[in-house]
Number of protein chains: 2
Amino acid sequence: MTSRTSATSSPDGVAIADADAARDGVEESPVRHIPEASVARLPIYLRALTGLVEQGTETCSSEELATATGVNSAKLRKDLSYLGSYGTRGVGYDVAYLHYQIAREIGLTHDWPVVIVGIGNLGHALANYSGFRSRGFRIVGLLDAAEELTDKEVAGLAVRPFDDLEKIIAEEGVAIGVIATPAHAAQDVADRMVAAGITSVLNFAPAVLTVPDSVGVRKVDLSIELQILAYHEQRKSEETS
Amino acid sequence: MTSRTSATSSPDGVAIADADAARDGVEESPVRHIPEASVARLPIYLRALTGLVEQGTETCSSEELATATGVNSAKLRKDLSYLGSYGTRGVGYDVAYLHYQIAREIGLTHDWPVVIVGIGNLGHALANYSGFRSRGFRIVGLLDAAEELTDKEVAGLAVRPFDDLEKIIAEEGVAIGVIATPAHAAQDVADRMVAAGITSVLNFAPAVLTVPDSVGVRKVDLSIELQILAYHEQRKSEETS
DNA sequence: TAGATTGTTAATCGATTAACAATC
DNA sequence: TAGATTGTTAATCGATTAACAATC
């Protein structure tokens, strides 16, 4: 409820969202609820649209966008219909306009300061990942508990001691934290993030995190995907029909 | 249908699965179909069980395992019931036994040689990721098109030119390939992998891959997860109730 | 036998998708 | 007007979960 306090009281103009939120809140009344499965596909459509914009394509049909993203076209139209009616019957969608509407819906028209904790191989890769910066995410802190990493430069940023966490979160108004530490450290990092005001956590550590209900957590597990592939691979060789 | 040819004709004993498959095929008749959503949770249960084994816990209830994994206990029991009846009413599950059964179901009791193509930051992180090795995945090739990387040592393996792909796949009987290249190179890499006999692809590149139906593809997109978090983060600040 | 916990049933919920009326 | 394509309906499919009989 009263969660984003530190994220909105930023002194240096990074503070976000609330003015827009108030406006949007007035105009779109019934708190449109977009199904989780649809939300998860919006970034996929967005990337395909970015590609079309770069190609100079001005208009596309749901069929074309569906092919480009590997999604069923009826599903795609239904997904888009949750956002509003941004297409034109008989014509299709204006690429640039739809791109903007999806970006706005996801929140990518905001500025999202992010901290990454744990600058091992993975943290290093994440810090350099261009897909973050290009989508409104701004890395404002790389932190690691290992003293030997302090002040080393990674992706143009000096690594800082983990104990600077609270200070950076407060100064920059950080709402989103990324955990790329070993499993045993993850819960402690999450606790400190939450205490400092972070309300969304992206967890790469192989650990289940306990956080208050008001805090969003998503988990990426590299080995789980590989295991799911192995399961299907094994099934293929078992096919004796 | 006739897909895994090169993966099974390996000359050096890496060839896998087929003997086991024949045996299993005889014993478990009706080609048990495990729902996709359940398959995706098996690795999560497996990890929790690994933790319990390490703690020396011998038995656990569905309730305990559910709490440890953040899953509803009824759902967990239903998931496990697809594998067989491995629990004891009134008692719970034998941790070591259940661990083995899940590992066997996923295929982690096999040896899975894997190649990684694209040794940038992410490929580097993947090569060093301990979660692969500890689960039966064995990295047998790190490949990159950039000549300046050739013969550099990463995770104890010399990086090899991309053109060695077919040779390594044939020699080692590789069925699973990991793509960690930039988006523009991903489809070409996938095509060459498939032509060389690979039947499962884990794709980290931000691109939609086109492969034959017989080839399994899973996609991990780091920025998509962050965008989904941003969506929910934005919704939190819009709550005007 | 009494207590505990599994494995399964069945109700519910949510997601997918073919089909088509609306409309450009 | 004719052709094209959206936005929506409704049927279907799959996943979740409370409840409980089976059974240790």
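Order of the sequence lines fixes the chain letters, A, B, ..., with proteins taken first and strands second; residue numbering starts at 1 for each chain. Model, not experiment: these values are computed from the prediction.
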Problem - Length of the CG-C1' vector between B/Leu98 and C/dT5, whole Å - result: 14 Å
Practice task
Take the protein atom OH of A/Tyr86 and the nucleotide atom C1' of C/dC24, then report the distance between them rounded to whole Å.
Solution key: 19 Å
Completion exercise
When rounded to whole Å, the CD to P distance for the pair A/Glu63 and D/dT6 reads 8 Å
Practice task
Check whether any side-chain nitrogen or oxygen of B/Ser62 sits under 4.0 Å from OP1 or OP2 of C/dT6, and answer yes or no.
Solution key: yes
Handout entry: Nearest-0.5 Å distance that lies between atom CD in A/Gln187 and atom CG in A/Asp191
Key = 4.5 Å
Exercise for the section: Taking the side chain as every heavy atom from C-beta outward, state whether A/Tyr86 and A/Ile102 have any atom pair closer than 4.5 Å. Expected result: no
Problem - Reported OG1-to-NZ distance for the pair B/Thr199 and A/Lys236, which is rounded to 0.5 angstrom - result: 4.0 Å
Problem - Comparing B/Gly87 and A/Val91 on DNA chain C - which has the more 5′ nearest nucleotide - result: B/Gly87
Fill in the blank from the handout: Closest heavy-atom pair, B/Ala180 versus B/Phe204, reported as atoms and distance to 0.1 Å, is CA-CB, 4.3 Å
Exercise for the section: Indicate yes or no: at least one non-hydrogen side-chain atom of A/Arg192 is less than 4.5 angstrom from one of A/Val117. Expected result: no
Practice task
Over all heavy atoms of both residues, which pair between A/Val114 and A/Val178 is shortest? Give the atoms and the distance, please.
Solution key: CG1-CG2, 3.8 Å
Problem - For atom CD of A/Glu64 and atom C1' of D/dA4, their distance in whole Å - result: 12 Å
Handout entry: Aromatic ring pairing A/Trp112/A/His110, orientation class (parallel under 30°, perpendicular over 60°, tilted between)
Key = tilted
Practice task
Would you kindly give the CG-to-P distance between A/Asp94 and C/dC24, to the nearest whole Å?
Solution key: 16 Å
Handout entry: Gap between atom CZ of B/Arg41 and atom OG1 of B/Thr69 - 0.5 Å precision
Key = 9.5 Å
Practice task
In whole angstrom, give the distance that lies between atom CG of B/Leu80 and atom P of C/dT6.
Solution key: 9 Å
Exercise for the section: For A/Ser62 and A/Ser73, work out which heavy atoms get closest and say how close. Expected result: O-CB, 4.0 Å
Fill in the blank from the handout: Under a 4.0 Å heavy-atom criterion, the protein footprint on nucleotides 12-21 of chain C, written with B, S and -, is ---SSBBB-B
Practice task
Grab the stems for DNA chain D, please: at least three consecutive Watson-Crick or wobble pairs, both distances below 3.5 Å, written as range with range.
Solution key: C:3-24 with D:3-24
